[in-house]
Each structure stands twice: as structure tokens, then as C-alpha cells.
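Written out below as C-alpha cells is the structure these notes cover.
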Amino acid sequence: MNQPSSRFSIQSSSPSSWRPDSWRGFEALQQPEYPDQAALERVLCEISKLPPLVTSWEIVKLRALLADAARGACFVLQGGDCAERFVDCTSARITNTLKVLLQMSLVLVVGAQRPVIRLGRFAGQYAKPRSAAAETHGGITLPSYRGDIINRPEFTAEARTADPELLLRGYERAALALNFMRALIKGGFADLHHPEYFDLDWVRHSPLADDYHRMAATISESLRFMENVLGIRAGESDRIDFFTSHEALVLGYEQAQTRRVPRRPGYFNLSTHFPWIGLRTNDPEGAHVEYVRGIENPIGIKVGPGATRECVAGWLDKLDPGRNPGRLTLIHRFGVSRIAEELPRLIEIVRGEGGRVLWICDPMHGNTQTTASGVKTRRFEDIQSEVEQAFDIHRAMGQQLGGVHVELTGENVTECVGGARGQSEEDLAQAYESEVDPRLNYEQALELAFLIARKMKRTNGG
Ligand code: PEP
Ligand code: CO
């Protein structure tokens, strides 16, 4: 196995042939076509001068935490919308997203018996890759909707034209969301002594309410016990860390927020703590891998069925040549029927290449299906089964699943079928909001957390 060299530690400096714009010399898939290039350049220039959304201290801290997770000492909960919408940048929506992630993480802490790292798919998750670049309705063909930071969902030529101003609007909304979240967390919203602060209104009516409240009470009691009886001040640990992540898709936007900072070598993407590369843009020879190669942030790569040894070697050698835990996370998303054959193969390949990655299971993106009436959905049971299989496979191969990546919302939507309330295909029309992928609603998300916690207890003897 390649041993880490001192050349590539957390404090590495970027590889010499790399520049924040060197990706421009590579094929960049899934980039919007802007009719007005001069307007695009103006906006990117403006974004490059605005203050960063996150700091290098936070990024370095997350990278160290992810290294712990890769060693099995922490568990990662990565979750949020498939695509954030600008209209959802409201106090209620932001609070609910934070609440559901906090509640899930409390449940997971109990199952995992180790700290949980909360990584929101938020404050910047605005751009979407699409399977088709264009869409045709009634004989009219227009560009696909690519997320609120690129164009608008309505099917008109004007709405679908990529608008550079939206990049600026997205940056601003990310800043607004993050500002509010930081204030909530700092103000005690996420104080583990008071889990009632982050109760969602309708948890009271949920069949899961009693289980959840019992767990939350146990945690605050343990904290009080530690503090009062043992004299240990939980201190910082009762105020929770929250990190952000988004798909690093629109490379001009990511580049505009890629900076050097004083007193630390290298470049940081300061628009998010954890940028990841999606399945459609993960070619090791492509522009997206080139871009993330040179930044110091921890990096995620989505991996689907059929990843070759050559491809895995490409990711490892380009993105993590020192094989440093915490640098690279593989987010596997195979689907319930393929994980059993695909994951063991992938694990073998990564081992063969000396990889020391963090493993996260995304049980959503391999399980999307369309109902007879044409609605995109996912079955709760498939999602549950893929995660459970992931735990078993990692365990059988002598390692641990280090986290989960889930599309969810704190709202009472009807996008995925199944779960404790038995949501059916007919129910989907009631509150289907997503313009892209179907998300677990609040209750389904919490139920999944309970099931994962139970599974972790059984699997890891936690
Ligand atoms: C996503 O995470 O929303 C996504 C598009 O995933 P993937 O790249 O794995 O298909
Ligand atoms: Co999605």
C-alpha cells in the first residue's frame, strides 16, 4: 500500500500544474450555455470579490473529522434537498431542514455510539446535472431546467435561458441561509440539553414521536449526568457543528470562490466545506476532477455501477496521491438490486490501489423510478434495503460504512412511497414539490434514521 508522504498532509499546497482555472483545458460536461458571455464574466468577477461563505478553519476541521470517520470513529449524516429552490430560502424552511437533520443525527448517535458529523446538502445546492440537455413538449424544444442558479423551471424560452444573474442570486441565498443557520446554532437552537428547541410541530402527531422523545431525553439526561455528577463540562460538545456541502457542478462559479488564505498553503473552495462531484461528471480525465484536484477541501465522488479499476486509480492518484484519510469520500449509489454485486468489487479495487477513503452510502440515486402515471418516485423499502445491505457488505469485508447521504426535507411532502404511514402512489399528488428528485419527507427521514440506528447497533454491536 502506498504510505502517505509528508508531501500530502492537510496542509498540502496545490499541485504545481494546477490553477483555479486549469479545468478550462479539459472537457467540462453539464455546463450551462450562456448566450451572454460578457455578462457571465462580469458576474463571476463580482462573485470572486465578495466575501467567502465558509472559512479555511472550518474546512480543515471537517477534513480532520472525516479522517476520523474514515477510521470508524465518527459517522457522517449528509442530507438535504436534491435541489434547493430560491423560494425556499425562508426562515421556516431553513429551520425545518436544520431540525430534521438534528433529530436524525441524535437518533444516529444512539445507534452508532459515536459522534455524528452533520453535513447539509444546503446553502449552495442549487445546480443540477441533467440526463438530457433539452426537453421537447408540443413540438417545442428548450434547454432543460438545471437548477435555480442556472435557469427557471417554467417551460418558456425566456425562463430556460441560462441567466448569469442567477449565479449571484444563488451566492446571496447561500449566504443568507448560512447566516441564519449559524445564528440559530450559536444561539442555542441546537443545544443538546434542550432537544425541544428543535422539535418539529407535527412530530407530536407522528407514530415515531414517543421513540424519538425517549431518545432525546436520554441524551440530555446523560449530558446533565456528566456535568452535574461527574463534573465534566460538555462545553463545546453541546453546541453542534454543522457543515455544508453541494455538488461542485458549475465550474466557473466554484472557481470564483476558490482562494488562497493567509497563513495556510494551497487553495480553498470557500463556497462550501465539502464539494462533491456527481456521477455524470466524475470522469478522472474531465474538468471536474481537474478542478477539485487542487483544492484543500475534503472531496466527495459519487460512484455508480461499473466503475473500472482505471477510473478508481485515476481518482485516487489525482485527488489523493498521499492516500490520506479524510481527503476523499466515495459516495456509492448502486441501487437496491445492484449493490450486492457492485460494492464488493469496488471495495476490492480501492484496496488494490491502496485507497484509504471514507465510504458513504447514497441509497437514493440508484433507486429512482417512474410510476405508471409518470411521476418520479422512490420506494422507502428500497432505500432502507440498500443502506442495510451497505452495512452488511462493508462489515463482511472487514471495514465499516462511514455514513449515509440522503435526499430529504423537513416538510410534509409526498414524493417517496412507503414508510410507516404506507404512503401510496395515489398519495404522491397531494404535496409533490420537487422539480428534480423525490425526497424523503420529515417522517420518512426520521424513520430511516431509526432503522439505520437499529441496524448499526446490530451490525457493530454498538
Ligand atoms: C444528486 O446527488 O442529486 C445527483 C444528481 O446524484 P448522482 O450524481 O449520484 O446521480
Ligand atoms: Co438528486
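Start at 1 and go down the list; that is how both ligands and their atoms are numbered.
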Can you check whether [X] has an N/O within less than 3.5 Å of an N/O in ligand 1?
X	value
H365	yes
H405	no
R280	yes
Q125	no
P129	no

Any salt bridge between [X] and [Y], counting N to O under 4.0 Å?
X	Y	result
D163	R169	no
D21	R24	no
E348	R345	no
R378	D437	yes
E435	R152	no

* Asked: With distance as the sole criterion, is a donor-acceptor pair present between the side chains of S17 and R293 under 3.5 Å?
  ->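 R293 and S17 do have a side-chain donor-acceptor pair below 3.5 Å.
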### Message
Under 3.5 Å, is there a donor on one side chain and an acceptor on the other for R118 and S105?
### Response
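There is such a pair (donor and acceptor under 3.5 Å, judged by atom type) between the side chains of R118 and S105.
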- Could you check atom 8 (O) of ligand 1 against the protein and tell me its nearest heavy-atom contact, residue, atom and distance included?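 For atom 8 (O) of ligand 1, the nearest protein heavy atom comes out as L279 N, 2.8 Å.
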*Considering heavy atoms of the protein only, find what lies nearest to atom 6 (O) of ligand 1 and give residue, atom and distance to 0.1 Å.*
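Result for atom 6 (O) of ligand 1: K302 NZ, 2.9 Å.
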Ligand 1 atoms in contact with [X] (distance to a heavy atom under 4.0 Å):
X	result
E407	1 (C), 2 (O), 3 (O)
C82	3 (O)
G278	8 (O)
R333	7 (P), 9 (O), 10 (O)

Review point. So, do F242 and M181 sit near enough that their side-chain heavy atoms are less than 4.5 Å apart?
Key: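 In short, these two side chains do not touch, never coming nearer than 4.5 Å.
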Query raised in the report: Taking the Co ion (ligand 2) as the vertex, how big is the angle to SG in C82 and OD2 in D437, rounded to 10°?
Result: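 About 90°, to the nearest ten degrees.
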Item to complete: Compute the angle centred on the Co ion (ligand 2) spanning OE2 of E407 and NE2 of H365, and express it rounded to 10 degrees.
Response: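 An angle of 80° at the metal.
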- Task: Kindly indicate, with the supporting measurements, whether the criterion salt bridge (Lys or Arg N to Asp or Glu O under 4.0 Å) is fulfilled by E433 and R439.
- Result: CA-CA 9 Å; E433 278 184 358; R439 302 158 297 174; 3.4 Å; yes
Inset, instruction - May I ask you to identify, for K128, whether its side chain, its backbone, both or neither come under 4.0 Å of ligand 1 on a heavy-atom basis? - result: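 Answer for K128: side chain.
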_Side chain, backbone, both or neither: which applies to R121 and ligand 1 if a contact is any heavy-atom pair less than 4.0 Å apart?_
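Contact part for R121 vs ligand 1: side chain (C-beta onward).
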Roughly how far, to the nearest 0.5 Å, is the CZ atom of R71 from the CD atom of Q400?
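Answer for the CD-CZ pair, Q400 versus R71, is 13.0 Å.
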